[in-house]
**Q** 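Structure below; questions to follow.
Chain naming here is simple, since letters A, B, ... match the order of the sequence lines and numbering starts at 1 in each. Every heavy atom of this structure was used, including side-chain atoms; hydrogens, water molecules and symmetry mates were not.
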Number of protein chains: 2
Amino acid sequence: MITSTVENYVKQIYLQQQEDPTSLLPMGKLASAMKVVPGTATAMVKTLSDSGLVDYEPRGGIRLTHGGEQLALHVLRRHRILELFLVDVLGLDWSEVHEEAETLEHAVSDKVLERMDKLLNHPQVDPHGDPIPTAKGQIRKVRLIPLSEFAPDTAAEIARVADQDPAFLQFAEKNGLIPGVGLSLLGRDVHADSVTVRLENDVTVTLGGKAAEKILVRAATE
Amino acid sequence: MITSTVENYVKQIYLQQQEDPTSLLPMGKLASAMKVVPGTATAMVKTLSDSGLVDYEPRGGIRLTHGGEQLALHVLRRHRILELFLVDVLGLDWSEVHEEAETLEHAVSDKVLERMDKLLNHPQVDPHGDPIPTAKGQIRKVRLIPLSEFAPDTAAEIARVADQDPAFLQFAEKNGLIPGVGLSLLGRDVHADSVTVRLENDVTVTLGGKAAEKILVRAATE
DNA sequence: AATAGAAGTTTGAGGAATCAAAGAAGGGGG
DNA sequence: CCCCCTTCTTTGATTCCTCAAACTTCTATT
């Protein structure tokens, strides 16, 4: 049976793999992402391998099989629709829905999920701008530019805030750094490791490199 | 930690105890209600007893402590609000929400639950007419009369359908036997073990004793 | 009262997921 | 080229929940 632990591992493998899609995911990365000791990850990966969800090369690393990726996308779909549902229907704050969805994603049936999807009008992205895979397991991969690498003097719009830490999200919200908001790059200071932008409401915000990496933008579509 | 298994046992003990509130609940009843072998129930009850959730008399039976009852009511509240939410907000059929809620009741946080409660306008009963305990763990106990014992020639209203089997609920729905519907007793045939009622839409329905026991009514409040 | 049968408890074992700690593999610096 | 350090795997143990089956207690019936 697919336990919620298995779902979590597979989801995490998928997310980690996105960071570096070319090479095999090392055990250590997975173990620390799952917050377990390395031995636990090894044991679990063996059962995932036996279930045909990952390809496992001992001491080499792992990679999701097609089946594993489909499962990961299925879990991710549940997670992201739930996040949006919690924000749009139940009025929770976008900074707190990640944790809630983390539990619920293993408990909602497909039937309930599709009702939510319908109620939300088949959304494409969750409250943080993360794309929602389709029920058939397809995900739109859009090339977004981190604010830290964004070219000056171009109009852009925030597409995604790539961090689920409530504290960071609250900071982002307070400063108007929310998906859909337009902005333009005022300046970048390499030595100060900082980026300054002007938002559509004319407020200017300066971010350090770490924070600027997490704000992903796309060229504005007027 | 309170696992969902513990929550299920405590909930089930509460429900079973309602059937016969005066005496201790025998192990066998609990075991069959939980669909486990008797030995499993014994083992589990010991840990419930160690956690102070039940009083356990070996070979005598069990009874919830105050703490156990509070936990049971908390779980029941989650279950019933979820059922109503699934019907009223997501449009699921009342015959199928019990199963859905059975899983979700262990995954939903208090925060999310109270949002649902608010959205539903602090309901008193779930779609089947079962009372919803308050957040403080209080439950309104109303004396309802089974159709099988109902006095003739009195106007009444269906208050509750006490069965969660989807098949029975679908039957009830098809025949208009839904909480809130008014009816009057046309006749009872002791030898045929049957009861005939006329519903408010003038349809008459005849039920056997087993079914009539599950339809609970209250004197009509005009 | 003796005893058969029902009801309940105990014991031994197994699967899922975890950790701690010992052991093996592999790669880079001296 | 060898050793050492990092990374990974193995091993042994633990917790939670379950079952099967042996065993005990109680009750009711003759």
**Q** Taking side-chain contact (heavy atoms from CB on, under 4.5 Å) as the test, write out the residues that go with Arg160(B), two or more places apart.
**A**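 In terms of side-chain contact (heavy atoms from CB on, under 4.5 Å), with neighbours along the sequence ignored, Arg160(B) is linked to Asp130(B), Leu144(B), Ala162(B), Leu216(B).
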**Q** Take the protein atom CG of Leu24(A) and the nucleotide atom P of dG26(C), then report the distance between them rounded to whole Å.
**A**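 That distance rounds to 15 Å.
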**Q** Should the pair Glu100(A)-Arg115(B) be classified as a salt bridge under the 4.0 Å nitrogen-to-oxygen rule?
**A**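 Looking at Arg115(B) together with Glu100(A), the answer is no, because their closest N to O distance does not fall below 4.0 Å.
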**Q** Generate the contact string for nucleotides 20-26 of chain D. Rules: B means base contact, S means sugar-phosphate contact only, - means no protein heavy atom under 4.0 Å.
**A** S---BS-
**Q** Tell me which one of Leu76(A), Val75(A), Leu73(A), Leu48(A) satisfies side chain to side chain contact (heavy atoms under 4.5 Å, CB included) with Val10(A).
**A** Leu48(A)
**Q** Once you round it to whole Å, what is the distance between P of dT10(D) and CE of Met27(A)?
**A**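 Result: 10 Å.
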**Q** With a 6.0 Å cut-off (strictly less than), is the heavy-atom count around CD of Glu173(A), excluding the residue itself, greater than 12?
**A**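 Yes - once you tally the heavy atoms of other residues, nucleotides and ligands closer than 6.0 Å, there are more than 12.
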**Q** Could you list all the ring pair (Phe, Tyr, Trp, His ring centres under 6.0 Å) pairs where at least one residue sits in residues 8-61 of chain A, not counting sequence neighbours?
**A**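 Qualifying pairs, neighbours excluded: none.
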**Q** Which of these passes side chain to side chain contact (heavy atoms under 4.5 Å, CB included) with Ile13(B): Val54(B), Asn8(B), Leu53(B)?
**A**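 That would be Val54(B).
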**Q** Nearest whole angstrom, please: distance from the P of dA6(C) to the NZ of Lys29(B).
**A**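 It works out to 17 Å between those atoms.
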**Q** Looking only at the side chains, is there a donor atom on one of Gln164(A) and His128(A) sitting less than 3.5 Å from an acceptor on the other?
**A**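 Their side chains do not contain a donor-acceptor pair, so the 3.5 Å distance test is not met.
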**Q** In residues 4-17 of chain A, which ones come under 4.0 Å of DNA chain C, going by heavy atoms?
**A**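 Listed by number, they are Thr5(A), Tyr9(A).
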**Q** Please evaluate residues Lys29(A) and Glu19(A) with respect to the criterion salt bridge (charged side-chain N to carboxylate O under 4.0 Å, His left out), reporting the C-alpha separation (whole Å), side-chain torsions for both, the decisive distance (0.1 Å), and the verdict.
**A** CA-CA 11 Å; Lys29(A) 282 250 174 77; Glu19(A) 316 253 292; over 6 Å; no
**Q** Any donor-acceptor pair under 3.5 Å linking the side chain of Thr42(B) with the backbone of Pro38(B)?
**A** yes
**Q** Rounded off to whole Å, could you give me the NE2-to-P distance for the His106(A) and dA16(C) pair?
**A**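 Interatomic distance, NE2 of His106(A) to P of dA16(C): 18 Å.
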**Q** Should Tyr56(B) be listed as having a side-chain N or O under 4.0 Å from OP1 or OP2 of dT9(C)?
**A** yes
**Q** When the aromatic ring centroids of His79(A) and His98(A) are compared, is their separation below 6.0 Å?
**A** yes
**Q** Between the two ends of the helix from dA1(C)-dT30(D) to dG30(C)-dC1(D), what is the bend in degrees, rounded to 10 degrees, where each end axis spans five pairs?
**A**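 The angle, to the nearest 10 degrees, is 30°.
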**Q** Keeping Thr65(B) on the side-chain end and Gly52(B) on the backbone end, is there a donor-acceptor pair under 3.5 Å?
**A** yes
**Q** Determine whether a donor-acceptor pair (N or O, by modelled atom type, separation under 3.5 Å) exists between the side chain of Asp189(B) and the backbone of His191(B).
**A**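 Yes, the answer is positive, given that a donor and an acceptor are paired below the 3.5 Å cut-off.
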**Q** Can you pull out the residues from residues 41-49 of chain A that lie within a 4.0 Å heavy-atom distance of DNA chain D?
**A** Thr42(A), Lys46(A)
**Q** Regarding Glu7(B) and Arg78(B), does a basic nitrogen lie under 4.0 Å from an acidic carboxylate oxygen?
**A** yes
